[in-house]
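Remember, it's a predicted structure, so these values are computed and weren't measured experimentally. In what follows, chains carry the letters A, B, and so on, assigned in the order in which the sequence lines appear, proteins first and then strands, with residues in each chain numbered from 1.
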Amino acid sequence: MLSHFFSDQLIQWQHQYGRKGLPWQGYQSPYLTWVSEIMLQQTQVDNAKPYFIRFIKHYPNVQTLAEANPEDVMRDWAGLGYYARARNLHLSAKIIHQQHNNQFPNSIEELIKLPGIGRSTAGAILAFGFKQRGVILDGNVKRVLSRFFGIFNNPHYQRGNHFYWQVSHLVTPTIDCDVYTQAIMDIGATVCHVKTPQCQICPLQSKCYAEHYHCQHHLPIKKLKKKPKTLKKLFILPVKSGKVGLTRQHTSNIWKGLWCPIIIDTTTSVFDFSHIHYRHIIKDLKHVFTHQTWKIDCILVYPPNDLHNQIDAWYDIHQLDQIGLPKPMQTIKEMIQYEKNLLHETAETT
DNA sequence: AATGCGTGGGC
DNA sequence: TGCCCAAGCAT
C-alpha cells in the first residue's frame with residue numbers, strides 16, 4: 001500500500017539522514033517537546049535555538065515556568081515574535097501546575113484545552129513527549145503530503161485543511177510514530193524544499209506524484225496574499241533624570257505585554273512638535289509585520305511635557321535589559337546604551 | 001471563515 | 001529591494 005511505502009521509507013530515511021542533536025531532542029519530555037513546539041511555530045529552527053536554550057535554562061520544568069515572573073517570561077521571549085505564544089505558554093504552565101499536579105495530560109482532548117496548544121502541537125507532544133501515536137499537520141507535512149500524494153485541495157480553507165488532516169491521520173503509523181513524525185518534518189525542511197526540492201536524493205522519489213508529473217512548484221496550493229498596508233508611526237520616548245518612560249502595550253494586540261514608547265499613528269494625522277523639546281533619533285525605520293509595514297520615527301522628549309500620565313514606568317539603561325522589548329525598541333535601546341549622553345541632555349537643558 | 005499575530009533569512 | 005516562507009493558534 002502506498003501509505004505504508006510512504007511511512008516505511010521515511011522511517012528508514014530518518015535513521016540515517018534525519019536531524020539529530022537539536023537542543024530539544026534526545027529526551028522523552030512532554031515539557032521540552034511543548035516548549036520547543038510552541039517556540040518553533042512559524043519560526044525557523046536556527047532562529048529559535050538560542051531562545052530555547054536560554055528558556056530551558058531559566059525554566060527547566062513546568063513548575064519553574066508556572067512560578068516565574070511574567071515579566072521575565074516576556075523578556076526571554078522578546079525578539080521571537082507572536083507574543084501570545086509566550087503569554088499562553090505561561091498561562092498553560094500555571095494550569096498544569098495547579099490543576100494537573102505538574103503532570104502533562106496525555107490525551108489529545110485534554111491537551112488542546114490548554115491555551116496555545118492546538119491539534120498539531122498536541123499531536124507532537126503525544127508523539128515525542130509520550131512516545132504515543134500523535135498526528136501533526138504543519139507546513140512541512142502539508143508540503144510533503146501534497147507533493148507525494150498529489151493533493152490539490154487548498155489548505156487555507158477549512159475543507160481543504162480537513163482533508164489534509166485526514167490524509168495525515170491515514171499515513172501516520174502507530175509503531176515508530178515519533179520517528180516517522182520527526183522524519184516527515186525533517187525531509188520537508190531539508191529535502192522537499194519549497195523552491196528547490198532535492199528530488200534526486202529523496203527516498204520517496206520513485207512513487208512521488210509531483211516528481212512524476214513535474215509539478216513540485218505548484219504544490220501545495222498557495223495562499224493569495226494581500227499587500228500589507230504601510231503605516232507611519234511616531235515613537236515618543238520621554239527622558240528624565242537618565243531614565244526613559246515606557247508604556248506597557250495592552251490595548252493593541254501587536255506586542256501585547258511588551259514595553260514600548262508612546263506610539264502615535266501619523267499616517268494621516270500630524271503631530272504638533274511646537275511645544276516640546278525633543279531630539280529626533282530615528283527616521284523611517286522600517287519594520288515589517290505579516291499583515292502591515294511600519295515606517296517608524298523616534299524622538300526623545302525632554303520634559304516638562306504632558307506625556308507623564310501616559311507612562312507606566314521609568315527605566316534606566318540597565319533595567320532595559322530586564323524587560324520585554326519588541327524589536328524596534330531593542331534597536332532604540334542599543335542606540336541609547338551606546339550613546340549614553342542622549343539620556344542626560346536634561347541636565348544641560350534644565 | 002478569514003484575519004491577526006513578529007521576525008529573520010533566502011533569493 | 002521586495003517577496004516568499006518558516007514545527008499554528010485564537011477568535
Side-chain angles (χ1 to χ4, degrees), chain A residues 18-19 22-25 32-52 74 77-89 91-92 111-125 127-129 134-144 154-162 164-165 168 178 181-190 192-197 217 220 222-230 249 252-258 260 285-294 296 324-331:
Chain A
R19 289 183 292 190
L22 293 171
W24 44 86
Q25 293 179 325
L32 295 184
T33 301
W34 174 50
V35 173
S36 70
E37 286 298 322
I38 301 297
M39 211 167 258
L40 288 159
Q41 284 171 13
Q42 307 298 97
T43 307
Q44 275 150 349
V45 165
D46 285 344
N47 194 24
K49 241 191 232 174
Y51 285 89
F52 178 85
M74 294 313 287
W77 201 274
L80 254 187
Y82 288 136
Y83 297 97
R85 293 183 295 169
R87 300 194 302 269
N88 284 332
L89 199 66
L91 183 55
S92 286
L111 283 167
I112 59 177
K113 282 183 190 167
L114 295 165
I117 297 183
R119 216 169 147 186
S120 189
T121 302
I125 293 173
F128 300 129
V135 180
I136 68 162
L137 184 64
D138 59 26
N140 285 318
V141 176
K142 283 178 204 164
R143 191 166 58 259
V144 175
N154 189 332
H156 305 103
Y157 296 126
Q158 195 179 31
R159 292 167 87 176
N161 197 246
H162 179 70
Y164 271 92
W165 269 109
S168 189
D178 58 328
T181 302
Q182 191 63 54
I184 193 169
M185 290 194 293
D186 285 4
I187 208 155
T190 65
C192 197
H193 294 298
V194 179
K195 292 190 178 164
T196 53
H217 295 284
K222 289 189 181 66
K223 182 176 187 164
L224 302 102
K225 274 187 185 162
K226 285 191 286 187
K227 194 183 172 185
K229 276 188 290 188
T230 296
Q249 288 295 99
S252 125
N253 286 324
I254 291 178
W255 300 335
K256 186 147 91 182
L258 298 189
C260 296
L285 175 66
K286 190 170 160 184
H287 188 80
V288 180
F289 297 93
T290 305
H291 57 300
Q292 51 187 268
T293 300
W294 287 10
I296 299 168
L325 305 174
K327 208 66 191 175
M329 186 56 216
Q330 288 184 27
T331 304

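Straight-line distance from the NE2 atom of A:His217 to the P atom of B:dC11: 13 Å, rounded to whole Å. Atom CD1 in A:Ile136 sits roughly 14 Å away from atom C1' in C:dA6 (whole-Å rounding). Whole-Å rounding puts the A:Leu89 CG to C:dG8 C1' distance at 14 Å. Between A:Asn161 atom CG and C:dG8 atom P the separation is 12 Å, expressed in whole Å. What separates CZ of A:Arg143 from P of C:dC5 is a distance of 10 Å, to the nearest Å. In this entry the distance linking NZ of A:Lys49 with C1' of C:dA6 reads 15 Å, nearest Å. Here C:dG8 presents its P atom at 11 Å from CH2 of A:Trp165, a figure rounded to the nearest Å. The interatomic distance linking A:Ile38 (CD1) with C:dA10 (P) rounds to 8 Å, in whole Å.
Of the possible polar contacts, none joining the A:Ser168 side chain to the A:Tyr164 backbone as a donor-acceptor pair under 3.5 Å is found. Side chain of A:Thr331 to backbone of A:Met329: no donor-acceptor contact under 3.5 angstrom is found. The backbone N or O of A:Tyr157 lies less than 3.5 Å from no partner atom in the side chain of A:Asn161, so there is not a single donor-acceptor pair.
With P as the reference atom, C:dC9 and B:dG8 are 23 Å apart, rounded to whole Å.
At least one side-chain nitrogen or oxygen of A:Lys286 sits closer than 4.0 Å to the OP1 or OP2 atom of C:dG2.
Annotation for A:Lys142 and A:Pro155: closest pair CD-CB, 3.8 Å, computed over non-hydrogen atoms.
When side chains are defined from C-beta on, A:Tyr51 counts as touching A:Met39, because their heavy atoms get closer than 4.5 Å. Residues A:Ser92 and A:Trp34 form a side-chain contact, since some pair of their non-hydrogen atoms from C-beta on lies under 4.5 Å apart.
When heavy atoms are screened at a 4.0 angstrom cut-off, A:Trp294 is found touching no nucleic acid atom at all.
For the residue pair A:Ser120 and A:Glu37, no side-chain donor N or O sits within less than 3.5 Å of a side-chain acceptor on the partner.
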* Asked: In dot-bracket, 5' to 3', how would DNA chain C read with Watson-Crick or G-U wobble pairs under 3.5 Å, [ ] for crossing ones and | for pairs to another strand?
  -> .|||||.||||
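In this structure, A:His162 places its NE2 atom where only 12 or fewer heavy-atom neighbours from other residues, nucleotides or ligands lie under 6.0 Å away.
Nearest-nucleotide mapping onto DNA chain C: of A:Lys195 and A:Ser36, the residue sitting toward the 5' end is A:Lys195.
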* Structure fact -> Given protein heavy atoms under 4.0 Å, the one-letter contact record of nucleotides 1-7 of chain B, with B base, S sugar-phosphate only and - none, is simply SSBSBBB
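The aromatic rings of A:Phe289 and A:Trp255 sit tilted relative to each other, their planes meeting at an angle between 30° and 60°.
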